[in-house]
Amino acid sequence: MDHASKMATKEGESTDSIYPTIDVSLLSSSENELQKVKSVLSSCGCFQAVGHGIPSEFLDKVRGVAKEFFALPDEEKQKCVRAANEVEGYGDDLIVAEKQVIDCCYRLFLRVFPVDQRRLNLWPENPTDFGEILHEYATKVKSVMDDLSKVMARSLNLDEDSFLSQYGARPIMQVRFNFYPPSPSADVLGVKPHSDRSGITVLLQDEEVEGLQVFKDGAWATVPVIPQALVVNLGDQMQIMSNGIFKSPVHRVLTNPNQLRLSVAMFNEPEQDGEIGPLHCLVDEARPRMYRTVKNYAAFNYECVQKGKVPLEEVRIKS
Ligand SMILES: O=C(O)CCC(=O)C(=O)O
Ligand SMILES: [Fe+2]
């Protein structure tokens, strides 16, 4: 089967573009904003964060080094190429399942934290400041994510470290630079519908080109471009830890016929081989345990996807 005919179509597209924005700098002082976060994360699981404290000029620098890398000649990018059966490094869509629909996307996927787990042979040396900027960006995003994990706990009247303590002493942070070339066909998707396996995903969108859509209230909602904002998407592991209170949204990416699009997704995740499950204090008679405990959710997720199964469904306790 050829590449194009395996690609997904944009069925069910909607023009709805309603998407919440939250000023995260107000979350420590405003009960209103705290309640808004709780309501947004327990309904659609995503919002655009402004007031996050990362200067716009720095966000532009991150986009800049990413665009420079993807613009390099192919032989230069191949220095970071991923091995056939691995996710880390540079390449196009990884085939993990038979009859898989191919995404129209090139990616550079790297582990950033813990620092001693970096595979530096896969990190671009060109542009020369790539590593330094990635380190600085990941450090800043980690702080935004940790604050958000605390806010989410507080919004449920829990001790603020309740979620963070499940991440262990050596939590993981990974980055995926996504590069979507102009689409060869109007029906091609940049990324097919999925939810993220992370705890929290923080996404830096292209400063001009839209493409991300979230499945909300039965239709696809386009996430508008706000250049200085960070898109927050909860991942499956937060849905599990919160016993289903917070939602991991299904999202996809459209391609554009004329323009390329870039995005930078950062994912946090509990330490390697860590075990996660619903917080005990969120399980009671009114809200019975929805998910079983899982060790190494990353590997579990990979196995499910290989078998064409939905990971969240596989951990759900069926009554
Ligand atoms: O490019 C985007 O806007 C989203 C990418 C995405 O969903 C992902 O990398 O998991
Ligand atoms: Fe995603």
Side-chain angles (χ1 to χ4, degrees), residues 2-4 6-7 58-97 100 102-142 170 172-184 188-192 194 196-198 201-207 209 211 253 255-256 259-269 272 298-299 301-302 305-306:
D2 69 23
H3 191 81
K6 275 164 101 184
M7 291 182 176
F58 185 68
L59 298 180
D60 288 340
K61 256 193 192 174
V62 175
R63 294 182 181 105
V65 287
K67 283 195 173 161
E68 266 184 70
F69 171 75
F70 283 113
L72 290 172
D74 210 40
E75 74 252 29
E76 185 67 26
K77 287 183 291 206
Q78 290 301 321
K79 291 181 184 166
C80 306
V81 80
R82 64 171 167 74
N85 293 321
E86 292 194 5
V87 285
E88 209 165 342
Y90 169 74
D92 56 11
D93 202 9
L94 177 67
I95 311 245
V96 293
Q100 179 180 321
I102 302 291
D103 294 337
C104 183
C105 180
Y106 293 90
R107 302 183 174 127
L108 174 63
F109 190 74
L110 300 169
R111 183 171 291 201
V112 186
F113 296 133
V115 171
D116 61 4
Q117 291 178 10
R118 289 181 185 175
R119 292 171 64 186
L120 292 173
N121 59 319
L122 299 173
W123 286 45
E125 287 180 358
N126 186 358
T128 51
D129 52 356
F130 186 96
E132 190 187 319
I133 289 180
L134 176 55
H135 176 82
E136 188 176 343
Y137 181 58
T139 306
K140 290 179 191 305
V141 170
K142 181 174 185 331
R170 286 163 59 75
I172 293 170
M173 177 78 100
Q174 313 194 80
V175 65
R176 182 153 64 214
F177 294 88
N178 296 302
F179 180 80
Y180 306 95
S183 142
V188 168
L189 283 175
V191 183
K192 59 187 153 299
H194 67 283
D196 291 345
R197 74 157 200 236
S198 56
T201 303
V202 164
L203 184 86
L204 178 64
Q205 287 209 85
D206 195 283
E207 74 277 33
V209 185
V253 178
T255 49
N256 188 291
Q259 288 168 292
L260 57 86
R261 176 174 180 271
L262 172 101
S263 71
V264 184
M266 302 234 48
F267 308 97
N268 74 358
E269 173 154 275
Q272 192 112 21
N301 178 287
Y302 186 79
V305 174
Q306 260 182 325

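Note that the structure is predicted; figures quoted are calculated from it, not measured.
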Sub-3.5 Å donor-acceptor pair from the side chain of Arg176 to the main-chain atoms of Ser263, do we have one?
no
Has Glu207 got more than 12 heavy atoms of other residues, nucleotides or ligands less than 6.0 Å from its CD?
yes
Just how far is it from atom CG of Leu189 to atom OG1 of Thr255, taken to the nearest 0.5 Å?
7.0 Å
Which residues satisfy the ring pair (Phe, Tyr, Trp, His ring centres under 6.0 Å) test with Phe267, sequence neighbours excluded?
none
Show the nearest heavy-atom pair for residues Val209 and Arg261, with the distance to one decimal.
O-NE, 3.1 Å
So which heavy atom on Leu110 is nearest to which on Leu122, and how close?
CD2-O, 3.6 Å
If every non-hydrogen atom of Gly190 is compared with every non-hydrogen atom of Asp103, which pair is closest and at what distance?
O-CB, 3.0 Å
Not counting sequence neighbours, which residues clear salt bridge (charged side-chain N to carboxylate O under 4.0 Å, His left out) with Lys61? List them please.
none
With distance as the sole test, does Arg82 use its side chain to make a donor-acceptor pair with the main-chain N or O of Gly91 at under 3.5 Å?
no
Pairwise distance CZ(Phe58) to CD(Glu136) - rounded to 0.5 angstrom:
4.0 Å
Is a side-chain donor or acceptor of Asp206 paired with a backbone partner of Leu262 at a separation under 3.5 angstrom?
yes
Gap between atom CZ of Phe130 and atom CG of Leu108 - 0.5 Å precision
5.0 Å
For the pair Thr139 and Phe113, evaluate side chain to side chain contact (heavy atoms under 4.5 Å, CB included) and give the outcome as yes or no after the intermediate values.
CA-CA 9 Å; Thr139 306; Phe113 296 133; 3.6 Å; yes
To check you understand the geometry: which heavy-atom pair defines the closest contact between Met266 and Met173, and what is its length?
CE-CG, 3.7 Å
Phe70 vs Tyr180 side-chain heavy atoms within contact, under 4.5 Å:
no
Salt-bridge present (Lys67, Asp60; N to O < 4.0 Å):
no
Less than 4.5 Å apart, side chain to side chain, heavy atoms only: is that true for Asn126 and Glu76?
yes
Once side-chain hydrogen bond (donor to acceptor under 3.5 Å, both in side chains) is applied, what residue pairs with a partner in residues 115-124 remain, sequence neighbours excluded?
Glu86-Arg119, Arg111-Gln117, Asp116-Arg170, Arg118-His135
Looking at every non-hydrogen atom in both residues, tell me the closest pair between Pro181 and Leu260 and how far apart they are.
CA-CB, 4.3 Å
A side-chain contact here means heavy atoms from C-beta on lying under 4.5 Å apart; do Val253 and Cys105 qualify?
no
Taking the side chain as every heavy atom from C-beta outward, state whether Lys77 and Phe69 have any atom pair closer than 4.5 Å.
yes
Any non-hydrogen side-chain atom of Tyr137 less than 4.5 Å from a side-chain atom of Val65?
no
